[in-house]
Structures are given as C-alpha cells and as structure tokens.
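Taking it in order: structure first as structure tokens, then the write-up.
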Amino acid sequence: MANFAKPSVPRFSVDVYQNEYLPEGGREVNAIVTVTATGGGTLGGGLNPAAPDGRPSAAVAIMVDCSGSMDYPPTKMRNARDATAAAVDTLRDGTHFAVIAGTHVATEVYPGDGGLAVASPTTRHRAKQALRRLASGGGTAIGTWLRLADRLLSSADAALRHGILLTDGRNEHESPEDLRAALDACAGRFTCDARGVGTDWEVKEVTGIASALLGTADIVADPAGLAADFTRMMETAMGKEVADVALRVWTPVGTTIRYVKQVAPAVEDLTARRTEAGPRAGDYPTGSWGDESRDYHLCVEVPSAGLGREMLAARVSLVVPQPDGSVQNLGAQGLVRAVWTDDMTASTAISPQVAHYTGQAELAQVIKQGLDLRKVGDFDGATAKLGRAVQLASASGNADTAKLLSKVVDVVDAATGTVRLKTRVTEADEMTLETRSTKTVRVKK
C-alpha cells in the first residue's frame, strides 16, 4: 500500500485596514478586510474530504453550448470541442467529471450514465472521443444545463463542486424567471465560471450566472482563444483547496451592517446573501479558495457615543460548514473598532485602502452606467460617466481598465476625465469593457 505524506492545512489570515476615529456624533465605520489563504498545497485537517493523494476531492461539470448558432462560423464548434478536450486533459487523476451538451435541453455527453466519471488516462481518452460527437443544433436554455450539472455534481461525495459554462448566444428558449429559479436552486451547491464566446451573447446574463454561483465571467471574442482560457480555468479549479468558506461578521447590539462587498480581485456585493448564524452574527458566502488573497469592504453603522469612548464595531472570522450541520472556525479573525475623538485631523482622515476601493467600486458602476447610456443614445450622459471612469482608472493605477476604456473613448485628459466618445466602437471592445468592468487592482503600497 502506498504511503502518503500527511496533507498540510491552508492557513487563513485576516487583516483589517481602517481609520477607526470618528467625530462627535459620527456613526459610519468603514474597513477593508483582507483575507489570505497560504501554504495549503494539499488539504487536510478535516475541513473537506480528501482524495488518496491528500488533495480535496473534486467534481467538475463542463457545460458546452451546442445550439445552432455554434455552427456560425463552423470553426466555433471545433474550437469549443478543442477547448473542452484541453479542460479534460487538465483534470487531475481522481477528479469526478462530466461533459454536458447544452441546447434547449441538457444532454449528458460523457460519461452518459447519469453519474460522473473518475479522471484517469482511460476516462480522459474516452471523454475526448465522446466530444467528437458534439454537433450544433437547437436553442438555448441555460437553466436546464445548470440543473443537470447540479444533479450530476451532487451524485459524488466531493468536497469541491465546480462548473464551467460556455455559451455563444442569448438565453432565448426559457424565461428569465426560469434561469433565475435555476440559479437560486444551484447557489451554494457548486461554483461556476461562465464564458461568452463571440459577440452574440448577453453580458448581463453571463455575468449574472457567474455572480450568482461565485465564479468568474469573461469574454472570449475570438473562438481560437477558447482552449487556452479553458485550460486556465481548469487549472484554477484544480488549485482550490477549501470549499464553501463564509465570512462571518458579528456585530454588537445597536450596530447595523450597511453592506459587505468583495472589492478585489473583482467587485461583488454580498450584502443580500447573508444567512443568519446566531445572535447578531451573519455569514456571507465567498466560495472556494486556493492559495490567494481577496479584499472585502465592510461598512457598519454604530450607535453614537461620547468623545473618548470606543467600541468594537464588528468581529470578522472565517467558517466552513461541516457535513453534520456544524461549522468549523478557520482560526483567523479581525476586529473593526470605533473611537470617538475631537481631533479633527484624526477623524477626517480616510484610510488609503477604504478610499482606493470606494473608487474602484465607483469605477465599475460608472462604466456600466456609461455603456447603458451610450446604448440608448444619451451621448452626453455617456461621455460624463465614461470620463469619470477614465479619471478613476487613471488615479487608481487600473491600467487594464484604462486600456479597455481607450477603445471606447478618446482620452483628452485622464486626470480630469475629459474624453470624447469614439464614433466607431467594435462590439467586441464594448462587450469586453462591460464584462471586465468589475475587475479591480489592489491598493498601491
């Protein structure tokens, strides 16, 4: 019998950045909470079931759009097959997996027996052979794809459940309510990365899927780039080590949480996803983690107190649910404080981290507003919003977003946000800016 080294446990840490000083009568407390997971490599410690090699057990479902539009041009379907084959090749041995063909119905392509295959040289080869049978035809009903993925993924006793979804068109063969119901049913059961290929799909649909299922969204404008993108996505999925991590926020009596947002690596509002976790505590889902770091903006409203008083405004920790219904605390916590002072210099200073991410959140918002105004013909409003976006991107050093903006507007003066709308903008450039508008950069050191 083979001997396996005892797997190491990822170490989580929590750091809080804030200006805790409030003026007399001040009630709003803002803090940036940085969560970092390091040193896992392999998973143990009872957090999630582990495979024989010490890695967490994982299950993956790849959903490939096979609607009729995937045949225009014909290379699109071939690129999708090649990308799925590349993703299958990236699966580590022992991973449970399935491939689903999505049209107006969902069909199991491999293994096709109502369950999942276990990755090995043999099953990877068979899966790639099965991919040759993928053909385009029919409509698009993404909710059915997600529901089949959920059924297949839940058939395995896997710690980590993940989906990859590719579409090239709009979800025209089911109602928005049907898709929302499917997303609600799948939320918390598996995470999912969503990709739109070409330019005939709806950005808000694809980003909405990724947001609801705590995954990433992106555009692959040229189908030739699918294989590289699928490989990167699968490599990232295979690097996850802890599933279903929740940010637990406790607040004292009289304190109200105004919002909890992930602000790096992308903006995602988690406020409405809170689940109660005992007296004055709530859990906010963050999905699966590998070796990585993310930032969260916590805003709380505290009861006013007199000068010289101080209080604990919030306590942040990390928990993982267990099969028996209990939760395991990951042993890292951060404290958010409030101190009332008559020192105007102290109470009016803004934490650099808070200021930076407030700007990044505004950047994402004004890009979407500007593009929406441009689509309806309000060019003055679009110019104002996108000019503000250029100004924010420049000030924060978000070079990637600044580059995307430069394909939609001519920048006259980035510092003041003076721009002119371009008269000709490709659909791919506009969709890329909209899809990636929530991506942020971390605060400058």
Exercise for review: Give the C-alpha distance, both sets of side-chain angles, the deciding distance and a yes or no for salt bridge (charged side-chain N to carboxylate O under 4.0 Å, His left out) between Asp184 and Arg180.
Suggested key: CA-CA 6 Å; Asp184 289 343; Arg180 171 47 56 189; 3.4 Å; yes
Under a 3.5 Å threshold, yes or no: a donor from one side chain and an acceptor from the other, between [X] and [Y]?
{"X": "Thr191", "Y": "His162", "answer": "yes"}
{"X": "Asp269", "Y": "Thr271", "answer": "yes"}
{"X": "Tyr284", "Y": "Arg273", "answer": "no"}
{"X": "Thr418", "Y": "Asp413", "answer": "no"}
{"X": "Asn19", "Y": "Ser351", "answer": "no"}
{"X": "Thr144", "Y": "Glu174", "answer": "no"}
{"X": "Ser396", "Y": "Asn398", "answer": "no"}
{"X": "Thr432", "Y": "Asp429", "answer": "no"}

Going by an N to O cut-off under 4.0 Å, is there a salt bridge joining [X] and [Y]?
{"X": "Arg337", "Y": "Glu310", "result": "yes"}
{"X": "Asp372", "Y": "Lys204", "result": "yes"}
{"X": "Asp168", "Y": "Lys76", "result": "yes"}
{"X": "Arg232", "Y": "Asp229", "result": "yes"}

Side-chain heavy-atom pair [X], [Y] within 4.5 angstrom cut-off:
{"X": "Ser69", "Y": "Asp200", "answer": "no"}
{"X": "Leu131", "Y": "Val64", "answer": "no"}
{"X": "Val300", "Y": "Thr256", "answer": "no"}
{"X": "Glu292", "Y": "Lys240", "answer": "yes"}
{"X": "Leu213", "Y": "Cys186", "answer": "yes"}
{"X": "Val366", "Y": "Leu392", "answer": "yes"}
{"X": "Val88", "Y": "Ile62", "answer": "yes"}
{"X": "Ile367", "Y": "Leu433", "answer": "yes"}

Looking only at atom types and distance, does a side-chain atom of [X] sit under 3.5 Å from a main-chain N or O of [Y], one as donor and one as acceptor?
{"X": "Thr440", "Y": "Val263", "result": "yes"}
{"X": "Ser211", "Y": "Gly208", "result": "no"}
{"X": "Ser57", "Y": "Ala159", "result": "yes"}
{"X": "Glu177", "Y": "Ala181", "result": "no"}
{"X": "Arg161", "Y": "Leu153", "result": "yes"}
{"X": "Gln391", "Y": "Ala415", "result": "yes"}
{"X": "Arg92", "Y": "Met238", "result": "yes"}
{"X": "His96", "Y": "Ala61", "result": "no"}
{"X": "Asn30", "Y": "Val354", "result": "no"}
{"X": "Glu205", "Y": "Asn171", "result": "yes"}

Practice item. Establish, yes or no, whether a centroid distance under 6.0 Å links the rings of His297 and Tyr259. Key: yes
Which heavy atom of [X] sits nearest to which heavy atom of [Y], and what is that distance?
{"X": "Gln333", "Y": "Leu335", "result": "NE2-CD2, 4.0 Å"}
{"X": "Ala355", "Y": "Ile350", "result": "CB-CG2, 3.7 Å"}
{"X": "Ala332", "Y": "Val14", "result": "CB-CG2, 3.9 Å"}
{"X": "Thr401", "Y": "Lys439", "result": "OG1-O, 4.0 Å"}
{"X": "Met63", "Y": "Cys192", "result": "CE-SG, 4.0 Å"}
{"X": "His104", "Y": "His173", "result": "CB-CB, 4.2 Å"}

**Study point:** Stepwise side chain to side chain contact (heavy atoms under 4.5 Å, CB included) test for Val336 and Val29
**Key:** CA-CA 8 Å; Val336 179; Val29 179; 3.6 Å; yes
Check your understanding: Can a cation-pi geometry be assigned to Arg195 and Trp201, taking NZ or CZ under 6.0 Å from the six-membered ring centre and within 45° of the ring axis?
Key ->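 The answer is no; the distance or angle limit is not met.
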Exercise for review: Please confirm whether Arg309 makes a cation-pi placement over Trp340, using NZ or CZ under 6.0 Å from the six-membered ring centre and within 45° of the ring normal.
Suggested key: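 Output no; distance or angle outside limits.
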Would you give the length of the straight line joining atom [atom1] of [X] to atom [atom2] of [Y], rounded to the nearest 0.5 angstrom?
{"X": "Asp71", "Y": "Met77", "atom1": "CG", "atom2": "CE", "result": "8.5 Å"}
{"X": "Glu362", "Y": "Gln369", "atom1": "CD", "atom2": "CD", "result": "8.5 Å"}
{"X": "Arg151", "Y": "Leu146", "atom1": "CZ", "atom2": "CG", "result": "11.0 Å"}
{"X": "Leu270", "Y": "Leu247", "atom1": "CG", "atom2": "CG", "result": "8.0 Å"}
{"X": "Phe230", "Y": "Glu235", "atom1": "CZ", "atom2": "CD", "result": "13.5 Å"}
{"X": "Leu373", "Y": "Lys385", "atom1": "CG", "atom2": "NZ", "result": "7.5 Å"}

**Study point:** Verdict with reasoning, Val408 to Leu386, per side chain to side chain contact (heavy atoms under 4.5 Å, CB included)
**Key:** CA-CA 9 Å; Val408 178; Leu386 294 174; 4.1 Å; yes
Exercise for review: Let me see the working for Asp82 and Arg78 under side chain to side chain contact (heavy atoms under 4.5 Å, CB included), right down to the final yes or no.
Suggested key: CA-CA 6 Å; Asp82 291 345; Arg78 185 173 69 245; 4.0 Å; yes
Point to revise | Intermediate values then yes/no, side chain to side chain contact (heavy atoms under 4.5 Å, CB included), Arg442 and Asp295 | key: CA-CA 8 Å; Arg442 306 197 86 163; Asp295 294 334; 2.6 Å; yes
Practice item. Flag yes if more than 12 heavy atoms outside Lys403 fall under 6.0 Å of its NZ atom; otherwise flag no. Key: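 For Lys403, atom NZ is not crowded (no more than 12 foreign heavy atoms under 6.0 Å).
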Review point. Taking atom CZ of Arg27 as the centre, does the number of heavy atoms from other residues, nucleotides or ligands within less than 6.0 Å exceed 12?
Key: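 For Arg27, atom CZ is crowded (more than 12 foreign heavy atoms under 6.0 Å).
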Review point. Would you call the rings of Phe12 and Trp289 parallel, tilted or perpendicular, where under 30° means parallel and over 60° means perpendicular?
Key: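 Rings of Phe12 and Trp289: perpendicular, as their planes differ by over 60°.
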